[in-house]
Amino acid sequence: MSKKWQAADIPSLSEKRVLITGANSGIGYHTALKLARKGAHIIFGCRDQRRGEAALARMEADSPGLRTELAILDLASLTSIHHFAAAEVAQHRPLHLLINNAGVMAPPRRMETTDGFELQFGTNVLGHFALTGLLIPALQQAAAASSADAAGRPRVVTIASIAHKRGRIDFGDLQSTRNYSPMGAYQQSKLANLLVAFELDRRLRAENSRIMSVAAHPGVANTNLFQSGEYSAAEKSLRAFLGHAIGIALNTDSEGALPTLYASTALEIKDGGYYGPQGFQEMRGEEVGPAKIAAHANDTVAATRLWQICEKLTGVKFFRDVAAVAS
């Protein structure tokens with residue numbers, strides 16, 4: 001692992017196509033900006049067209065001439081995901097990097113996606129699961145033309161969180177219909193993100209695929225997750241203050257993007273790896289590297305069960321389970 005790996009270490013990404021969900025703000029935006037500066041063609045997956053267009057204009061003003069495009073993609077709607085993925089695959093163009101970055105964090109009251117799922121589980125987990133599965137053909141197209149080393153292989157990068165360590169998968173109440181805890185549901189979704197990312201890695205390797213599945217977390221950063229949502233004026237003011245304090249004491253959203261960039265482009269990345277800041281309690285730091293994984297995030301039985309539930313709830317199936325491949 002390189003010490004103090006920085007965005008300047010990103011290799012040339014000329015001719016690479018990259019999709020980043022939630023790229024219009026926060027870590028997603030800074031990830032997009034730095035990858036675009038290295039020559040990548042960035043697809044901004046955004047649910048709000050106005051905000052997406054504003055982000056593209058901001059990037060053009062910052063660094064004119066970068067290759068970007070806006071795609072309307074609402075991860076809280078399976079219909080939107082299907083429409084986007086169908087249009088993307090129909091282009092018959094390779095997708096070299098999928099960064100599952102968008103997320104919802106701890107809305108104070110239980111909310112639902114358009115398909116009736118609890119908003120955090122439905123967006124953070126099910127939305128990205130369906131999107132990844134539907135985009136496998138485009139990723140496989142990139143894999144077919146790639147070299148065998150990590151530098152050339154396409155990657156699926158899932159953004160998790162140190163919050164996964166306190167998460168528990170409640171298979172009896174995944175949608176938090178009986179008992180909703182804002183932070184508890186968020187922690188569960190981030191643990192689920194890791195379980196799915198690791199299960200995807202196992203299935204990819206069982207298929208001898210060149211696609212890589214890895215995960216990353218930003219530590220604690222000042223992102224719009226702290227300020228977006230339905231809150232009172234007092235709560236919004238408090239969250240804005242906390243976000244500012246976090247940016248000073250821990251990481252700005254630009255600094256928080258470094259682990260994502262590392263997982264997306266560094267040559268040292270391993271299949272099934274998980275990466276984050278190396279500073280105090282993994283919350284901050286200029287150095288990035290392997291992150292700590294809670295024992296229950298390595299539960300393969302729970303991961304397989306969760307994968308099967310995701311298939312059932314989304315109607316999207318891709319890759320057989322490891323046991324089926326072995327038999």
With the 4.5 Å side-chain cut-off for hydrophobic clustering, are [X] and [Y] part of the same group?
X: Leu306; Y: Leu200; value: yes
X: Val196; Y: Leu204; value: yes
X: Met59; Y: Ile72; value: yes

Could you tell me whether a side-chain N or O of [X] sits under 3.5 Å from a main-chain N or O of [Y], the two making a donor and an acceptor?
X: Asp74; Y: Ser80; value: no
X: Ser189; Y: Tyr186; value: yes
X: Asp271; Y: Met212; value: no

Original post:
Do any pairs count as a ring-ring contact (aromatic ring centres under 6.0 Å, His included) and have a residue in residues 23-76, sequence neighbours left out, and if so which ones?
Top reply: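 Found none.
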
Subject >> Pairs involving residues 136-173, ordered by first then second residue, that meet ring-ring contact (aromatic ring centres under 6.0 Å, His included) (sequence neighbours left out) >> reply: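 ring-ring contact (aromatic ring centres under 6.0 Å, His included) check on residues 136-173 returns His164-Tyr274.
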
Does one side chain, of [X] or [Y], offer a donor that lies under 3.5 Å from an acceptor on the other?
X: Ser213; Y: Asp201; answer: no
X: Glu53; Y: Gln49; answer: yes
X: Lys34; Y: Ser254; answer: yes
X: Tyr275; Y: Glu268; answer: no
X: Ser146; Y: Arg153; answer: no
X: Asp173; Y: Thr177; answer: yes

In this structure, are over 12 heavy atoms from other groups packed under 6.0 Å from [X] atom [atom1]?
X: Arg47; atom1: CZ; result: no
X: Arg166; atom1: CZ; result: no
X: His296; atom1: NE2; result: yes

Salt-bridge contact [X]-[Y] (side-chain N to carboxylate O under 4.0 Å):
X: Arg305; Y: Glu199; result: no
X: Asp62; Y: Arg58; result: no
X: Glu207; Y: Arg202; result: no
X: Glu112; Y: Arg110; result: yes

Supply the atom-to-atom distance [X] [atom1] to [Y] [atom2], rounded to the nearest 0.5 angstrom.
X: Ile20; Y: Ile43; atom1: CD1; atom2: CD1; value: 9.5 Å
X: Lys312; Y: Lys317; atom1: NZ; atom2: NZ; value: 10.0 Å
X: Leu95; Y: Gln91; atom1: CG; atom2: CD; value: 10.0 Å

**OP:** Going by the side-chain contact (heavy atoms from CB on, under 4.5 Å) test, name the single residue among Ile169, Asp299, Val125 that passes it with Leu191.
**Re:**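 The residue from Ile169, Asp299, Val125 that satisfies side-chain contact (heavy atoms from CB on, under 4.5 Å) with Leu191 turns out to be Ile169.
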
**OP:** Verify side chain to side chain contact (heavy atoms under 4.5 Å, CB included) between Leu258 and Gln6, making sure each step is shown before the conclusion.
**Re:** CA-CA 7 Å; Leu258 194 62; Gln6 296 295 320; 4.2 Å; yes

Original post:
Does a side-chain heavy-atom distance below 4.5 Å link Leu13 with His96?
Top reply: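 The answer is no, as the side chains (C-beta and beyond) never meet within the 4.5 Å cut-off.
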
Original post:
Pro218 versus Thr260: any side-chain heavy-atom pair under 4.5 Å?
Top reply: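 Answer no - side chains too far apart.
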
Original post:
Between Phe318 and Trp307, is the ring centre distance below 6.0 Å?
Top reply: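 Yes.
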
Original post:
Which heavy atom in Ser264 sits nearest to a heavy atom in Ile99, and how many Å separate them?
Top reply: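 Minimum heavy-atom contact is OG-CD1, 3.4 Å.
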
In a table with atom names and distances, give each donor-acceptor pair under 3.5 Å that connects a side chain of residues 129-144 to protein atoms at least two apart or in another chain.
| unit_1 | atom_1 | unit_2 | atom_2 | d |
| --- | --- | --- | --- | --- |
| Thr132 | OG1 | Asn100 | ND2 | 3.1 |
| Thr132 | OG1 | His128 | O | 2.8 |
| Gln141 | NE2 | His92 | O | 2.9 |

